[in-house]
Amino acid sequence: MSTTANDAPMVRAEAVSKSFGSNQVLKSISLEVKRGEVLCLVGPSGSGKSTFLRCINHLETVTAGRLWVDDELVGYRQRGDKIYEMHPKEAARQRRDIGMVFQRFNLFPHKTALENVMLAPTLLKKGSRAVLQTKAMELLARVGLSERHDYYPAHLSGGQQQRVAIARALAMEPKLMLFDEPTSALDPELVGEVLDVMKGLAESGMTMIVVTHEMGFAKEVADTLVFMDGGVVVEAGDPVQVLTDPQRERTKAFLSKVL
């Protein structure tokens, strides 16, 4: 890591493109996220938001361009003028520092909430079982679920399962959190409890990139709002300004349908 890492943005994308066959999903995306900032990505389905998120932790490989997290090239090693894709084990090690919460909760159904949160740190031998259990209970308390630590996913609501998924991601002590439409699979009355946890994370200084349709959350919590369409960044800026006075016609047309 460079000596200027603390001055560097937490995330930097430089002309990132991604194609699936002949379908170019991302077209030269460039943006930065500073440490402690929250960036919200909004836009219609198919605009490339989730694909870009997955490129940040190398769940998808980029077709062109480069991505850095904490001043470290993601998924690749550079030697001279050439870059080489990392071995999968190296990429997995790098990915441990990046927490990700998906639309679906992906909890292990045969494990309790506590066991789900403890699993990855236990496998990676990040401490004794007693220490890891204490940390996991603290994380469940942070998301308001300490009293449900011994519940299996089938006995938790969708909102509670998603909060366990957030606690599970935090158990690896990530430097960056990625959220891919974390409330889209929830019943409307359960959305607020997940957004409240995310607001608390933002207030604690966690760097976050959130793909969301929740414009109220974006307006209240985000430092930057990015509107994507057709694989490009159409408009970006202060959330209140973008949402109340968009400058691009495509942004205006989109917001007129969702606000």
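These numbers come from a predicted model, not from an experiment.
By the rule that hydrophobic residues join a cluster once side-chain heavy atoms approach within less than 4.5 Å of another member, Val11 and Val211 end up as members of one cluster. Note on Val226 and Val62: same hydrophobic cluster, where clusters join Ile, Leu, Val, Met, Phe, Trp and Tyr whose side-chain heavy atoms are under 4.5 Å apart, directly or indirectly. Hydrophobic clustering, with ILVMFWY side chains joined whenever heavy atoms are under 4.5 angstrom apart, groups Leu132 together with Ile166.
No side-chain donor-acceptor contact under 3.5 Å links Lys126 to the backbone of Met172.
A 4.5 Å side-chain heavy-atom check between Leu176 and Asp97 finds every atom pair outside the cut-off. Side-chain contact between Val210 and Leu39 is absent, with no heavy atoms from C-beta onward closer than 4.5 Å. Within the 4.5 Å cutoff, side-chain heavy atoms of Lys49 are placed close to those of Glu181. Put simply, the side chain of Lys135 does not reach to within 4.5 Å of the side chain of Pro121, judged on heavy atoms. A 4.5 Å side-chain heavy-atom check between Met228 and Leu41 finds at least one atom pair inside the cut-off. Using a 4.5 Å heavy-atom threshold, the side chains of Met100 and Phe179 count as separate. Residues Val242 and Thr251 are in side-chain contact: their nearest non-hydrogen atoms beyond the backbone lie under 4.5 Å apart. Under the 4.5 Å side-chain criterion, counting only non-hydrogen atoms from C-beta, Glu37 is not in contact with Met10.
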task = Any chance you could lay out the side-chain hydrogen bond (donor to acceptor under 3.5 Å, both in side chains) test for His58 and Glu85, step after step, and finish with the verdict?
result = CA-CA 10 Å; His58 204 59; Glu85 189 170 1; 3.1 Å; yes
task = Under the side-chain contact (heavy atoms from CB on, under 4.5 Å) rule, what do Thr224 and Asp238 come out as? Steps first, then yes or no, please.
result = CA-CA 5 Å; Thr224 303; Asp238 175 78; over 6 Å; no
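Between Arg12 and Glu14 there is a salt bridge, since at least one side-chain N of the basic residue sits less than 4.0 Å from a carboxylate O of the acidic one. Contact check on Arg77 versus Glu90 returns a salt bridge, with a Lys/Arg side-chain nitrogen under 4.0 Å from an Asp/Glu carboxylate oxygen. Salt bridge status for Glu72 with Arg93: present, with a side-chain N to carboxylate O gap under 4.0 Å.
Tyr84 and Tyr76 have their aromatic ring centers separated by at least 6.0 angstrom.
Counting heavy-atom neighbours within 6.0 Å of Lys34 NZ, excluding the residue itself, gives a total of 12 or less. Counting heavy atoms of neighbouring residues, nucleotides and ligands inside a 6.0 Å radius, atom CD of Gln78 exceeds 12 of them. The 12-atom threshold is not exceeded at CZ of Arg104, counting heavy atoms of other residues, nucleotides or ligands nearer than 6.0 Å.
Closest non-hydrogen pair, Cys55 versus Leu67, comes out as O-CD1, 3.4 Å. Asp223 approaches Pro239 most closely through the heavy-atom pair O-CD, 3.5 Å. Considering every non-hydrogen atom in both Cys40 and Ala222, the closest pair reads SG-CB, 3.7 Å. Nearest approach of Leu53 to Leu178, heavy atoms of both residues: O-CD1, 3.6 Å. Scanning all heavy atoms of the two residues, the minimum distance from Asp245 to Gln247 falls at O-NE2, 2.7 Å. Across all non-hydrogen atoms, the minimal contact from Thr63 to Ser19 is OG1-N, 2.8 Å.
Using modelled atom types, one finds a donor on one side chain and an acceptor on the other under 3.5 Å when comparing Ser204 with Arg142. Looking at Ser50 and Asp180, their side chains do bring a donor and an acceptor atom within 3.5 Å of each other.
To the nearest 0.5 angstrom, Gln241 atom CD is 12.0 Å from Lys219 atom NZ.
Remark: Lys18 qualifies as a cation-pi partner of Phe20 under the 6.0 Å distance and 45° angle criteria applied to the six-membered ring.
With Arg168 as reference, Asn106 is the one residue of Leu140, Leu119, Asn106, Val101 to meet the side chain to side chain contact (heavy atoms under 4.5 Å, CB included) rule. The side chain to side chain contact (heavy atoms under 4.5 Å, CB included) with Gln160 is formed by just one residue from the set Leu190, Val143, Leu145, Val194; it is Leu145.
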